[in-house]
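Below: one structure, written as structure tokens.
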Amino acid sequence: MSERVLHSHISPSAHFTAYVWYRRGLSDAAFISTFGQFSHGVLRPVMWAGRQFFDLDLESMLLLRHLQIDAGLHRAIESSGVRQVVEIACGLSPRGHRFTQRYPQLCYLEADLPAMAERKRQLLADNGWLNDQHRVVSIDVFAESGPSSLASAFAQLNQNEPVLVITEGLVNYFPRKQIELFWTRLAVQLKPFPVASYVTDLYPELEAHPRYRQIRWGVDLVGKLTRGEYYLHYANADAIDAGFKACGFAGVEVVDPSLRATDLGLPVPTVPGLVRVVHARM
Ligand SMILES: C[S@@+](CC[C@H](N)C(=O)[O-])C[C@H]1O[C@@H](n2cnc3c(N)ncnc32)[C@H](O)[C@@H]1O
């Protein structure tokens with residue numbers, strides 16, 4: 001079975017998150033799908049119960065990670081002169097559209113498995129948003145070579161300019177050893193650039209978290225719904241730091257976006273944060 005087929009069970013969740021971004025005013029209606037709206041409706045009672053009984057608000061957690069990644073990208077563009085961005089596993093996220101509208105000088109390369117990449121390319125083209133500055137390529141983060149490999153996508157960039165790579169909603173779908181393989185190959189690709197960094201969300205295995213049992217249940221549910229597994233990586237910020245450094249990154253900042261909720265314009269959660277946003281630089 002090809003890797004593309006193996007990982008295609010993850011793609012439906014991109015429709016769900018796309019609907020959340022739209023519902024919360026971060027996206028255009030062009031990015032939503034009937035399936036996204038349907039899956040949101042199906043999960044609504046589960047999300048309600050999470051809020052009502054456990055103070056766990058799935059949508060707010062998703063927004064925290066999304067807006068914290070946005071904040072890292074704004075900072076990279078405005079303070080570090082980043083002019084090229086690669087968003088891997090972009091799904092139906094509106095970020096590329098929002099940022100290319102806001103920063104017309106930006107070169108934004110979106111990337112996903114071939115079927116999702118084609119869908120995104122068509123969506124952008126249909127709305128007149130696809131151009132030389134904003135493109136979509138096929139990528140399988142585990143392809144060692146060939147047209148869908150990391151190397152093939154990075155060959156399209158200017159290696160004399162700073163670059164920032166983003167993944168969101170990808171890394172916890174894979175066992176740690178496998179995702180570390182991707183990070184190691186990514187670090188190799190980033191080496192030639194004068195300034196290069198990588199921003200990703202990551203859900204750690206927080207055994208001491210007061211809602212740990214409910215989280216494990218939720219993680220198993222996501223696994224069942226997507227007919228795959230969902231893995232929690234690393235026990236704390238030190239372990240994340242060590243893990244990324246072992247993959248070839250020189251500096252690692254681990255942010256708990258729940259501690260920045262007010263700055264991000266979101267309500268402060270009543271339980272400790274579950275998601276981390278990792279800024280790793282070469
Ligand atoms: C949960 S969705 C997240 C989409 C988007 N980043 C967001 O936050 O709305 C996960 C995405 O990862 C993509 N994906 C899954 N396996 C992949 C792989 N091996 N290489 C690249 N992308 C992959 C899926 O196609 C899907 O679009």
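In listed order, ligands and their atoms are each counted from 1.
The N/O atoms of A18, backbone and side chain alike, include none that comes under 3.5 Å of an N/O atom in ligand 1. For D112, a nitrogen or oxygen atom sits less than 3.5 Å from a nitrogen or oxygen atom of ligand 1, counting backbone and side chain alike. Considering both main-chain and side-chain atoms, E168 comes within under 3.5 Å of ligand 1 through a nitrogen or oxygen pair.
If you look at Q178 next to ligand 1, there are no close heavy atoms at all, none under 4.0 Å.
Residues M282 and A187 come closest through the heavy atom pair CE-O, 3.4 Å. Here the closest heavy-atom approach between residue F244 and residue V252 is recorded as CB-CG2, 3.7 Å.
Note on I69 and I240: separate hydrophobic clusters, where clusters join Ile, Leu, Val, Met, Phe, Trp and Tyr whose side-chain heavy atoms are under 4.5 Å apart, directly or indirectly.
If you number the atoms of ligand 1 from 1 as listed, the ones under 4.0 Å from a heavy atom of D140 come out as 18 (C), 19 (N), 20 (N). Set against the non-hydrogen atoms of F142, the atoms of ligand 1 under 4.0 Å away are 19 (N). Close contacts between ligand 1 and C90 involve ligand atoms 4 (C), 5 (C), 6 (N) [criterion: under 4.0 Å to a heavy atom]. The ligand atoms of ligand 1 that sit less than 4.0 angstrom from a heavy atom of A14 are 2 (S), 4 (C), 27 (O). Ligand 1 places these atoms under 4.0 Å from at least one heavy atom of T17: 7 (C), 9 (O). Against a heavy-atom cut-off of under 4.0 Å, S13 is close to the following atoms of ligand 1: 1 (C), 2 (S). Of all the atoms in ligand 1, the ones that sit under 4.0 Å from a non-hydrogen atom of R65 are 8 (O).
Just one of V171, N172, T184 meets the side chain to side chain contact (heavy atoms under 4.5 Å, CB included) condition when paired with I179; it is V171.
Between F35 and F38, the ring planes lie tilted relative to each other; the angle falls in the 30° to 60° range. Ring geometry for Y22 against Y19 counts as tilted: the plane angle lies between 30° and 60°, on a 0 to 90° scale.
By the 4.0 Å heavy-atom criterion, W21 is counted among the residues contacting ligand 1.
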Fill in: salt bridge (charged side-chain N to carboxylate O under 4.0 Å, His left out) evaluation trace for R83 with E78
CA-CA 10 Å; R83 288 166 57 109; E78 287 168 14; over 6 Å; no
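Proximity of the aromatic rings of H97 and Y108 is defined here by a centroid distance below 6.0 angstrom, and this criterion is not met.
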